[in-house]
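Quick notes on the structure that follows.
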Amino acid sequence: MQRTAHHDFARCKRLAAFVLLCVLPAWARAAEVHVPAVVEAGQAFSIPVQGSGQATFYLVGPDHVVKRTVSLGSDLQIQSSDVRTAGRYQVILCDASSSCTSATFEVKAAQPAHLSFFLHPSRVPVSTRDSIDAAAFVFDQYFNLILTPAAVDFRITPASGAGFSREVSTRRGVAWMRMDSTPHEGRVQVTAALDNVEEARVIQQVAAEACGLRMKAVASGSMVTLETDPVRDCSGNALPDGTVVSFTKVDKAGKSTVDTPIKKGIARVQFGVDGRAQISVACGVVLGNEVVVNGKL
Amino acid sequence: MKWALVGFLTVATALLVAYAWLQSGGLKQHAMFSSATPEEAVHALMSEIQAHNYQQAYASLDRSSDTDLASFIRDVAGSDGSLRTYSSLQTAEVSPLHANGDQALVRVRMNWSSAVGSLDDVRDLRVLRDGPVWRVVWPKPAFSKVPLQVVSVNYLSWDVIGRNTSQKWGAQDVDTPKVRITSMNAISRPGRVVILGEVENEDTVPAYLNVTATLLKADGSAIDEEGSFDLISHVLLPKQVSPYRIDFPGVRMDAVKSVRMDARALLVPASADPVIAVMDQKVSKDGLNRNVLEGELVNQSGRPVNIAQVLAAYYDNSGKVIWVSDGYVDQALMPQVSVPFAVDIPDDIAERMKSYRVIVNHYSRSSS
Amino acid sequence: MKSMADNTLAFKKVSLGLVRTRLVTTRLVKAASFAVVACVLALAQSSPQIHLPQANLPEVHLDADGLTPRPIEELTGTTIARHYALAWRDLAMALESGQAGGLGEEFVGFAKDHLMKRITEQNQTGMHVRIVDHGHHLKAVFYSTDGSAMQLLDQAQLEVQTFDGNKLLDTQNVPHEYMVLMTPGADRWYVRDLEEVSAKPF
């Protein structure tokens, strides 16, 4: 009887020890992680963690990884530098027995701080419909794209004439608009503005195709000088210097051509003439007038 | 016995040396440098020129040649950084035209090889008998003299500044020049397909451009892709128009369903100088009875143009580009001096063409 | 009898000869096979590795219906889908191996900077991530008129395993949604920005 009781007691002790060994780790783990659903980029916060003992804390973000040993039962401090980039973050907590729990939270972009502004093209002919396109991407100070709608103001300041503006709401972080070029050549500044953030770009409005191209002939002995009127487009804007004008002379010696650039608004060339000659002028694909020179002027 | 062996060795050595001399073209060389006939005299002269032995070549000329050594070298080897100075004489085809007694007329067609291809120079040379040999009379080179003068250089030039490849995304940038292919024509030639047309710089800044074409099959897959290489004027000033030609050797027209064109332009610094006038253009026949478009180039600026390339576009009745040909001028274009040029025209194109247009590409050693 | 014996001897000699011949032939065949195999192996070693990138690329489906303000060209759409797939392949390889060298082939700008930083810090902590990519559905939502930027929404099915050394910390097998910005380069489209967003409609 005594031997049976002693044996039973030993068995009980062994069983209790076994149960204790099984339960203790569970008591030690008890690490629950509660994270906010959404955090603003660059905003420090804390994660309350329950439990006791030591654990390994991991934070895995789009461009950042943290691994450190923490004490359970106190709040985990997340620095602002840990959550600068927008996206999904994962928090993993592994206790001494290597059992891990995890949670995810989202970091959203902060307030607007940068605009990536595209203005196209950099040179555009005057008075052309839907020829200027502007697109602005809105970023926060950490260059996260701000996906919530925001109002971007596009202010247009032409070289001459009154300026105007147009407000466009962003969609998925992008605001874009299209406009006609103004009738006058020159520098046009377009500024995209949102709150305190501004970004300016400049485009050059240039004369369109030559219009009403005319030349006159001035004789001097056996030479004739051909000179165009100031070369302008149909809106009266002068074609820039350097634009090539082609003069062609046809006479009994054959055909002669000279491609010469406009200088100070006009193009000028000299030909020798021997007998009747027909001279024409062109600028790009635009033809001008023709003059006939008979050699006896 | 001993002397027999010595004798045998001597004879064998002599025979072997003679054989080696024959093998190395000794006979041919002898023929090249002898001047027993008018053709041989011209051959001998060409051989000396090919070997750059200009003094010996000049020494072999007839005394009646009205040229000095410096002018002869300048005429033959080129000067002023012209294309001829970068060329070497490859072959010379000699054909007698006329001979009687002590004088003869011989045509020599010199083929010069250069980095841009081969160049032909055809000359009719008078050859006179001088005792047992014939000697070439070298014609006096006609070098134009430009009087000393001051020429102002005041053409517009463009520079690109502030180019920074590492600038941030969205920073102020300048668009590449806007160019437009104004015409495209696909034609079939013997053994190839050719794409021709014209391209215009519609922008207000100079453009460096290249035109490529991709031939497509009926299922949309590509047969081949080629570029225009030097059959285009790569640098176009604002509103300038250039012809282009793209060759597809070994492709048949019936295999081609469509053509995809691409004109890529880059913003580059450029100068509106020099202005090269193309004077007195006309279609005629050259000395070999080939159709050529010839004329004269006049450099109207104050700086020499070392190498000039002529590009000619030919149009039919409807104004469609039916051919583009090119030719390099192997003389430098000195200021105000006219230099002749000639470019080949295929016979069938010469029959069909209604009009033509010539532009000039230029390359100068020192740019502004 | 003698002839019989001679015949037998001759037969034996012939048989022996045949056997020898067979042995020699067998040895020759073996040697030849060995040589052929050796040649093939050497050729395989010397020739460039034949990649089968198509086999390793995740599936990407691009939907560009109603794209504004610029419609997409067919060739552009094909190129974008292909390079986006290449980008994800490179991203997964980099996150698993800790080697960031190949990221510049498909990533540029913010996306490249973020990934480089992430991989550096992964390596410092001894961690790595394995992504099992079950495909992407791309919806193009904005294409700038000058063709210089395209914005897309990516709904991706990814299984993400996070490791610390050899120890698996966590496995996530959930849909992910990304806001993607792609910009054209000389011969390809690059991923300039890749932001994971919540799956709420915009």
Side-chain angles (χ1 to χ4, degrees), chain A residues 37-38 41 56 58-68 84-94 98-109 116 118-122 130-137 139 142-149 170-178, chain C residues 68-70 95 109-129 139 141-153 158 160 162-165 167-172 174 176-181 183 192-202:
Chain A
V38 178
T56 308
Y58 303 90
L59 176 67
V60 181
D63 73 334
H64 188 48
V65 173
V66 171
K67 173 186 173 184
R68 60 176 191 255
R84 281 183 180 160
T85 303
R88 183 191 289 209
Y89 285 70
Q90 193 176 26
V91 167
I92 305 171
L93 209 56
C94 296
S98 296
S99 101
C100 304
T101 56
S102 72
T104 59
F105 63 94
E106 188 183 342
V107 170
K108 288 212 150 140
S116 283
F118 297 85
L119 192 62
H120 173 78
S122 60
D130 287 344
S131 57
I132 300 173
D133 292 290
F137 293 80
F139 296 92
Y142 308 114
F143 290 99
N144 300 308
L145 194 64
I146 297 175
L147 301 174
T148 50
T170 63
R171 197 154 178 254
R172 300 183 199 95
V174 187
W176 72 274
M177 66 119 186
R178 180 176 278 167
Chain C
T68 54
R70 174 179 168 147
L95 288 176
F110 312 127
K112 185 178 173 188
D113 294 342
H114 292 160
L115 284 170
M116 300 287 277
K117 184 168 175 286
R118 159 87 182 256
I119 287 161
T120 302
E121 293 183 7
Q122 267 188 199
N123 291 341
Q124 285 168 357
T125 55
M127 294 174 67
H128 66 275
V129 169
K139 169 82 180 151
V141 294
F142 174 78
Y143 188 17
S144 63
T145 49
D146 62 344
S148 65
M150 187 179 295
Q151 195 179 30
L152 309 108
L153 276 170
L158 306 173
V160 181
T162 309
F163 291 83
D164 181 356
K167 177 183 162 192
L168 174 64
L169 301 177
D170 185 66
T171 301
Q172 299 264 328
V174 294
H176 297 249
E177 186 155 319
Y178 295 89
M179 176 61 66
V180 186
L181 206 55
T183 54
R192 183 169 286 275
D193 197 17
L194 185 68
E195 279 183 33
E196 187 164 1
V197 296
S198 58
K200 286 183 189 165
F202 294 97

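Note that the structure is predicted; figures quoted are calculated from it, not measured. Chain A is the first sequence line, chain B the second, and so forth, proteins listed ahead of strands; every chain is numbered from 1.
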Under 4.5 Å from any heavy atom of chain A - which part of [X]:
X: Thr162(C); value: side chain
X: Gln124(C); value: neither
X: Val141(C); value: both
X: Asp146(C); value: both
X: Gln122(C); value: both
X: Leu181(C); value: side chain

[atom2] on [Y] to [atom1] on [X], rounded to 0.5 Å:
X: Leu152(C); Y: Arg172(A); atom1: CG; atom2: CZ; answer: 10.5 Å
X: Thr145(C); Y: Phe118(A); atom1: OG1; atom2: CZ; answer: 11.5 Å
X: Thr120(C); Y: Asp63(A); atom1: OG1; atom2: CG; answer: 10.5 Å
X: Leu147(A); Y: Met179(C); atom1: CG; atom2: CE; answer: 5.0 Å
X: His64(A); Y: Glu121(C); atom1: NE2; atom2: CD; answer: 5.0 Å
X: Thr85(A); Y: Leu194(C); atom1: OG1; atom2: CG; answer: 11.5 Å

Select one option (side chain, backbone, both, neither) describing which atoms of [X] are under 4.5 Å from chain C's heavy atoms.
X: Thr148(A); answer: neither
X: Phe139(A); answer: side chain
X: Arg178(A); answer: side chain

Going by heavy atoms in the side chains, are [X] and [Y] under 4.5 Å from each other?
X: Asp193(C); Y: Leu145(A); answer: yes
X: Cys94(A); Y: Leu169(C); answer: yes
X: Gln172(C); Y: Ser102(A); answer: yes
X: His114(C); Y: Pro62(A); answer: no

Over 60° means perpendicular and under 30° means parallel, so classify the ring planes of Phe142(C) and Trp176(A), tilted if in between.
->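 Aromatic pair Trp176(A)/Phe142(C) classed tilted.
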Testing Phe137(A), Tyr142(A), Phe143(A) for ring pair (Phe, Tyr, Trp, His ring centres under 6.0 Å) with Phe110(C), which one passes?
->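 Answer to the ring pair (Phe, Tyr, Trp, His ring centres under 6.0 Å) test with Phe110(C) among Phe137(A), Tyr142(A), Phe143(A): Phe143(A).
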Please find the pair of heavy atoms, one from [X] and one from [Y], that lie closest to each other, and give the distance.
X: Tyr58(A); Y: Met127(C); result: CD2-SD, 3.5 Å
X: Glu195(C); Y: Ala86(A); result: OE1-CB, 3.8 Å
X: Asp164(C); Y: Lys67(A); result: OD2-NZ, 2.9 Å

Does Gly61(A) offer a backbone N or O that forms a donor-acceptor pair with the side chain of Arg118(C) under 3.5 Å?
->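 Answer holds: yes.
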For side-chain contact (heavy atoms from CB on, under 4.5 Å), just list the numbers for Lys108(A) and Ser198(C), CA-CA rounded to whole Å, side-chain angles, deciding distance to a tenth of an Å, and then say yes or no.
-> CA-CA 9 Å; Lys108(A) 288 212 150 140; Ser198(C) 58; 4.0 Å; yes
When only pairs under 4.5 Å are counted, which of Ala149(C), Ser148(C), Gly126(C), Pro69(C) shares the most heavy-atom pairs with chain A?
->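 Top option by heavy-atom pairs under 4.5 Å: Pro69(C).
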